[in-house]
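For ligands, and for the atoms within them, numbers begin at 1 and follow the listed sequence.
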Amino acid sequence: MTKILVTGGTGYIGSHTVVELQQAGYQVVIIDNLSNSNIKVLDGIYNITGIRPEFVQGDVTDIVTLRHLFETHRDIKGIINFAASKAVGESVQKPILYYRNNLVSLLNLLELMPEYGVKGIVFSSSCTVYGEPDVNPIDETAPIKPATSPYGNTKQISEEIITDTIHSGAPIKSIILRYFNPVGAHPSGEIGELPLGVPNNLIPYLTQTAAGIRERLTVFGDDYNTPDGSCIRDFIDVVDLAKAHVVAMQRMLDNEDTDPVEIFNLGTGHGLSVLELIDSFQRATGVNVPYVIGPRREGDIEQIWAIPDKANKVLGWVADTPIDQTMQNAWRWQCRITGR
Ligand code: UD1
């Protein structure tokens, strides 16, 4: 069995990816410092797959811990790197934390990979690297715009670090995945997003409001230049997203003649507005979500959605879970964690 290291594997996207990797026959080792996740996620993974992944509690920014992990698991062939901080607003307040967490961890992995014979790394990037696009939808050749937050900057710099390292001749490969807006939860209701404190992102705020934990959702702006005035995003089901990591890993490890660095947009190809998403949640679940229109949120992009053709063709992957199903899964998960 091919062994894969998943950093940040108890997090939201990480845990869904561990499930898909195990179901595809990979052996998984997780390293996570549990800074934004819970050890119980391992039970959820076990309940779905019947396999408890090996778990190391540690920080990828700590090269001694990481070296020890590679010494213990000399047969790791690939890495999926989710271990990073991801709150845009917080990154403006705590830039050093963001640069350290997101960049030092990547540097450590890239430094140790050749030493321990690790062939490939799948890297979690974001559509945030495109900034506010001139036109939509966008493919991978769209220009990279100056980052508007330290978080966004870490994604741009990380992409450059990976590219420069591989162009220097390092004997490794990488697939960089630019996620659009991952939402939803595993259909089993066993794993999902577990935000600490008040959620920043739309869906956890929405499901918490539907559950009565928050009084009402605020829609940040209805005066954008879009059909209904609210922002438009490409909401992609987290299980679809997780599956893309498995095919990316297969491509990197099993194909000798692919480019050493490849970049893919991961989205559905459809833009949905914030108001449309609220509608879809209410339609799919029959649960009412009280909301008000508020002012715009600083730094928000008006509209962005993907051309996912490259991933569709080259990876043979498509994000095709209907949004209503994704909303039902998000709601099932919210009910589970609130004990409804
Ligand atoms: C952003 C980043 C993304 C990052 C993600 C994680 C961009 C384009 N995307 O996504 O790279 O990985 O954060 O934190 O920069 N909204 C409301 N009310 C709420 C919450 C959100 O109306 O209470 C709206 C926002 O204004 C936005 C949409 O919902 O239009 C999505 O917001 P959110 O879920 O926070 O994700 P992004 O900001 O798109």
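Only the side chain of Asn181 comes within 4.0 Å of ligand 1, counting heavy atoms alone; its backbone N, CA, C and O stay farther away. Counting heavy atoms closer than 4.0 Å to ligand 1, residue Arg296 contributes nothing at all.
The salt bridge (charged side-chain N to carboxylate O under 4.0 Å, His left out) test with Arg178 singles out one residue from Glu262, Glu159, Glu140, and that residue is Glu159.
Asp300 OD2, 2.5 Å is the protein heavy atom nearest to atom 26 (O) of ligand 1. Counting protein heavy atoms only, atom 18 (N) of ligand 1 is closest to Thr218 O, 2.7 Å. Scanning all protein heavy atoms for the shortest distance to atom 38 (O) of ligand 1 gives Arg297 NH2, 2.9 Å. Counting only heavy atoms of the protein, atom 2 (C) of ligand 1 lies nearest to Val88 CG2, 4.3 Å. Phe220 CD1, 3.6 Å is the protein heavy atom nearest to atom 16 (N) of ligand 1. Considering only non-hydrogen protein atoms, atom 12 (O) of ligand 1 sits nearest to Tyr151 OH, 2.8 Å. Closest to atom 5 (C) of ligand 1, if we only count protein heavy atoms, is Asn201 ND2, 4.0 Å. Of the protein's heavy atoms, Val274 CG2, 3.8 Å lies nearest to atom 28 (C) of ligand 1.
In this structure, Tyr130 falls outside the shell of residues with a heavy atom less than 4.0 angstrom from ligand 1.
For the pair Arg52 and Tyr46, the cation-pi criterion (under 6.0 Å, within 45° of the ring axis) is fulfilled.
Short contacts between ligand 1 and Cys231, defined as distances under 4.0 Å to a heavy atom of the residue, involve ligand atoms 30 (O). In summary, the atoms of ligand 1 found under 4.0 Å from a heavy atom of Val219, numbered by their order in the structure, are 22 (O).
Ser280 contributes no side-chain N or O that, together with a main-chain N or O of Glu276, makes up a donor-acceptor pair within less than 3.5 Å.
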